[in-house]
Each structure stands twice: as C-alpha cells, then as structure tokens.
Amino acid sequence: MRRLFRLVLWLASALVIIGGVAAAFNWERLVRLNNVNTLFDEGRIVSNFSSMKDLFFWKEVKRSGDVVPWVADPASLPATYTFDGAERQVSAFLEKTATTSLVVIRDGKLVHEEYRLGTKPEDRRISWSMAKSFLSAMFGAEVVNGNISLADPVDKYAPALKGTVYEGVTVRNVLNMASGVKFNEDYLDFWSDINKMGRVLALEGSMDEFAAGLEAREREQGQLRQYTSIDTHVLGMVLRGVTGKDLPQLMEERLWSKLGVETDAYYLTDGFGVAFALAGINATTRDYAKFGQMMLDLGRYNGQQIVPLAWAIDAVKATAPKASDPLDPFGYGYQWWVPLNPDDEFYAIGIYGQFIYVNRPARIVVVKTSADRNFRNDNANGSKIEEETLQMFRGIASGLTNWKQSGPN
C-alpha cells in the first residue's frame, strides 16, 4: 500500500512538472503573440521599434574590422520644402510623422544628425521593409557571378517551393514584386496574410512553410507589379539554397565586415532560426547610412567594391512592370523603390516611416526612422505620406547642394 502511495505521489509530481513546463512554454508563446498584437500601440511603438530583440527571436550580425567613423561636416538643413504647390516646414513634417532619427550625409560626410521621442544614437532600430534592399545587395553577387540566373524559376534553387504557387515563377519576377502570388498586405486587417505571418513568427512557426503554404494566384507572373512581402522571403530561400548560408552570416560576410560600421546588427528570426528576410534587420541609423553611402558610390565603400558594379546600377532601375494600383506614384527595381522621373535617385522604404534615400547626382544620403502610426493615411489631396517624404528629401538635397555651392550665409 505504501509503495502504491509513493507511485501515485511520484506520478502526480511528474504531471505537475510536465504541466508546469508546458504552461511555461505556452506562456512564452502567448507573450510573443501579445507582442505582435501590441507592437504598434500608441505609447509602446517608439520603444518597441528600438528593442525588438526583447520581443522576438533573433540572431546577431557581428561587425568586424576597423570602424570607419563618419567625418562631421555640419550644415544647416533647409527650413522648408515644396509639396503640392505649397511651402512646408521640415520641422513640422518631422514632428507630424513621429520621426525618431534623421541622419543626412553629403559627399560621404555627416552634415546633420538628430534623435527624437526619447530615442538614442546607439539604438538599433527595426528596418521593416528596408531589409528588402539589403537582401538585394547580398543577392547581386550570386547573379553577377553566374550562380543565379534571373530567368530561372525560384524552385530550381529552393526545392521546397516545387508544387507550390511559386513553382515556375522566375527569379526576376520575384525580385520585381511581379510574382502574381495572392498576398494580402493590409496591416490593418487582422486576418490579412501579412498579419498571419506575424503570428507565425510569434508562435515559433516556419516562414519557409508559410511561404510554401500559399495557395492562390492574383494573376500570371510578370503582368503587373503588386507589393508582396513574402516574395522577399522566397528570395531569401533562393539565396540560402545557393550559398548554403543563412542571411545573418551572409550579411556579416558581405556587408557588416566591409562597411566599417560602428555596431553589431541583428536579424529577427522565426522559430527555426530562419531570418525574417523581408523586414527583420535592426541597426543604428548611422550604420544604415553606411549602407546608403555604399549604394550611392555604385557598390563601393572605403576603397572596396562590396556590391558588384553592374548590380549596383541595375538593381535601382525601374525595371518592374507597372503597378497593379494605377495610383501608385513610384517605380520599382530589384527590391528598391524608384521615383517616377528619377534623377538617379532611389530609396529603401519600411512601414511606419523608415527610409534610406539616395541621390547620386547631389551625393546625398538621408536616413529617416519613424514610429508613424498614420503612415498609411492620405494627405488632404489624396497623395500618400511617401510622396511628401520624397519631396522633403529632395528639398534637403537641393538645399544642401545650394548651401555647398554658395557657402553658409
């Protein structure tokens, strides 16, 4: 009887321990799910955007080599810019769009730097979709070296995509966001594909499985461009398949060890350690500017060709088909945005107001990070915040070019 009692007690204890472990495991998942659901809440969004590693899985991207510090060459930014026929205040726009940092580079020198809303220079800020342009930079060497053909289907390099809606879709069309795959990118729709994807990250799911599990097509590939974030994850699968390396490792080898950056970066990952290719880089604003400067100089930085010259030129041309949205005011290249009628200018854009703007003729790079919860709101005339931001950047570039030519007053 005593032995039976001890056995029952042991079993009860074991069940309690197992239950406790299971509860703790599920509790962690619930916490991460809550992090997704409250990520953009007013009062939390600013701090969240500077502390993503406290909320999700991540992998370090280590810097190496000598730091190449920015040389300061202070200049006054223009106070105004012109948009929709009216003169507007730069300071008012920065405030309206909940800007957290602004760094301006001219001729490779730091002319302006500011941090807002309690953020600090050392904060590693979430890139959101600016990460797409980083992936493009890492992708280029494989294309130029002949390891990837833009005409090949993505499933040639990522066999997990065979039998899925991505089978037969060319690398070029995926780079151009013209895959034709149906993907709901509405951040305000709880059941949209982009928000389902966020919950996959929180609940330790697989991004590869999520991409392979998409079932519908919007149209045939190559007909129209429609912004489809999961296309970038597919490109990450291709790159991993060709190189045998994950994106944090590739970013270390191809960018962070060569740009003279000041700080380690990190990638958010899914539950299997696979990098969140389409939006998951976290770095300081100064180091984002290093990346922009490298692209301004045709893939070259600190005396070294980091991105192949041909790719640094081709990736930022508006080669994509016209947009499915007839009101879309921009063109698109290989994971880079290109203004209509550009003067050799291009930019990386992330939701909630993240930008790396590059103007080669003016030799200007502007990095703007934000926590703008109204980033989707149209202006009174129906234009989008991105259009006004572009004009603000152009105003800064023009003003600094004139300042350089004439000197300070």
Side-chain angles (χ1 to χ4, degrees), residues 45-56 58-74 77 94 97-106 108-135 137-138 247-248 250-269 275-276 279-297 301-302 306 347-358 364-372 393 396:
I45 184 171
V46 172
S47 61
N48 283 345
F49 280 16
S50 290
S51 56
M52 297 294 284
K53 68 188 301 183
D54 297 333
L55 308 177
F56 300 102
W58 57 279
K59 278 187 178 179
E60 202 85 62
V61 177
K62 293 191 175 298
R63 60 157 307 279
S64 59
D66 295 333
V67 172
V68 181
W70 286 112
V71 175
D73 183 22
L77 294 188
L94 295 178
T97 56
T99 302
T100 51
S101 70
L102 185 74
V103 164
V104 182
I105 308 297
R106 181 186 61 195
K109 296 179 180 179
L110 179 65
V111 299
H112 181 84
E113 180 177 30
E114 64 178 288
Y115 298 90
R116 292 167 165 250
L117 301 181
T119 67
K120 302 179 294 298
E122 60 269 24
D123 286 356
R124 288 182 287 181
R125 306 161 199 278
I126 181 69
S127 66
W128 295 123
S129 288
M130 295 193 305
K132 295 177 169 70
S133 301
F134 279 77
L135 184 136
M138 293 185 275
L247 294 187
L250 287 171
M251 186 169 162
E252 282 184 9
E253 293 176 1
R254 299 186 178 184
L255 297 175
W256 242 231
S257 62
K258 299 178 179 180
L259 285 173
V261 296
E262 300 175 357
T263 310
D264 295 340
Y266 63 91
Y267 256 112
L268 302 184
T269 74
F276 189 32
I281 293 174
N282 295 257
T284 66
T285 308
R286 282 184 165 209
D287 287 343
Y288 283 133
K290 291 281 181 76
F291 177 72
Q293 182 66 40
M294 179 268 295
M295 287 300 296
L296 183 150
D297 285 327
Y301 191 83
N302 198 31
I306 296 173
Y347 44 176
I349 302 179
I351 57 169
Y352 294 90
Q354 326 312 317
F355 295 88
I356 302 173
Y357 168 77
V358 180
I364 295 287
V365 174
V366 183
V367 181
K368 179 183 186 293
T369 66
S370 318
D372 184 9
F393 290 155
I396 289 174

Open item on the list: If the test is side chain to side chain contact (heavy atoms under 4.5 Å, CB included), which one of Asp287, Val61, Leu255, Val67 qualifies with Val261?
Closed with: Asp287

Open item on the list: Pairing donors with acceptors under 3.5 angstrom, does anything connect the side chains of Ser370 and Lys368?
Closed with: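 Yes - a donor-acceptor pair under 3.5 Å links their side chains.
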
Open item on the list: Check this for me: Lys53, atom NZ, are more than 12 non-hydrogen atoms of other residues, nucleotides or ligands nearer than 6.0 Å?
Closed with: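 For Lys53, atom NZ is crowded (more than 12 foreign heavy atoms under 6.0 Å).
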
Open item on the list: Is it true that, when you exclude Asp66 itself, more than 12 heavy atoms of the residues, nucleotides or ligands shown sit nearer than 6.0 Å to its CG?
Closed with: no

[X] side chain vs [Y] backbone, donor-acceptor pair below 3.5 Å:
| X | Y | answer |
| --- | --- | --- |
| Tyr352 | Ile45 | no |
| Thr119 | Tyr115 | no |
| Tyr288 | Val367 | no |
| Asp264 | Arg63 | yes |
| Lys290 | Val68 | yes |
| Thr369 | Ser101 | yes |
| Arg116 | Leu102 | no |

Between side-chain atoms of residues 126-134 and protein atoms elsewhere (two or more places apart, or another chain), which donor-acceptor pairs fall under 3.5 Å?
from: Ser127; atom 1: OG; to: Ile281; atom 2: N; distance (Å): 3.2
from: Ser127; atom 1: OG; to: Ile281; atom 2: O; distance (Å): 3.1
from: Ser129; atom 1: OG; to: Lys132; atom 2: NZ; distance (Å): 2.6
from: Ser129; atom 1: OG; to: Tyr227; atom 2: OH; distance (Å): 3.0
from: Lys132; atom 1: NZ; to: Tyr227; atom 2: OH; distance (Å): 3.1
from: Lys132; atom 1: NZ; to: Ser229; atom 2: OG; distance (Å): 3.0
from: Lys132; atom 1: NZ; to: Leu278; atom 2: O; distance (Å): 3.2
from: Ser133; atom 1: OG; to: Gln335; atom 2: O; distance (Å): 2.7

Hey, could you give me the [atom1]/[atom2] distance between [X] and [Y], rounded to the nearest 0.5 Å?
| X | Y | atom1 | atom2 | result |
| --- | --- | --- | --- | --- |
| Glu114 | Thr100 | CD | OG1 | 10.5 Å |
| Ile105 | Ile356 | CD1 | CD1 | 11.5 Å |
| Arg124 | Thr284 | CZ | OG1 | 9.0 Å |
| Leu259 | Met294 | CG | CE | 5.5 Å |
| His112 | Leu77 | NE2 | CG | 4.5 Å |
| Met295 | Ile306 | CE | CD1 | 11.0 Å |

Residue pair [X] / [Y]: nearest heavy atoms and the distance that separates them:
| X | Y | result |
| --- | --- | --- |
| Pro248 | Glu60 | CB-O, 4.0 Å |
| Leu117 | Val46 | O-CG1, 3.6 Å |
| Asp372 | Thr97 | CB-O, 3.1 Å |
| Ala275 | Leu247 | CB-CB, 3.9 Å |

TODO: Flag the pair Arg286 and Glu113 as a salt bridge only when some basic side-chain nitrogen lies within less than 4.0 angstrom of an acidic carboxylate oxygen.
DONE: yes

Task: Identified ring pair (Phe, Tyr, Trp, His ring centres under 6.0 Å) partner of Tyr266 from the options Trp256, Phe56, Trp58 - done: Trp58

Open item on the list: So Tyr301 and Gln293, do their side chains get closer than 4.5 Å, heavy atoms only?
Closed with: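 A side-chain contact under 4.5 Å exists here.
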
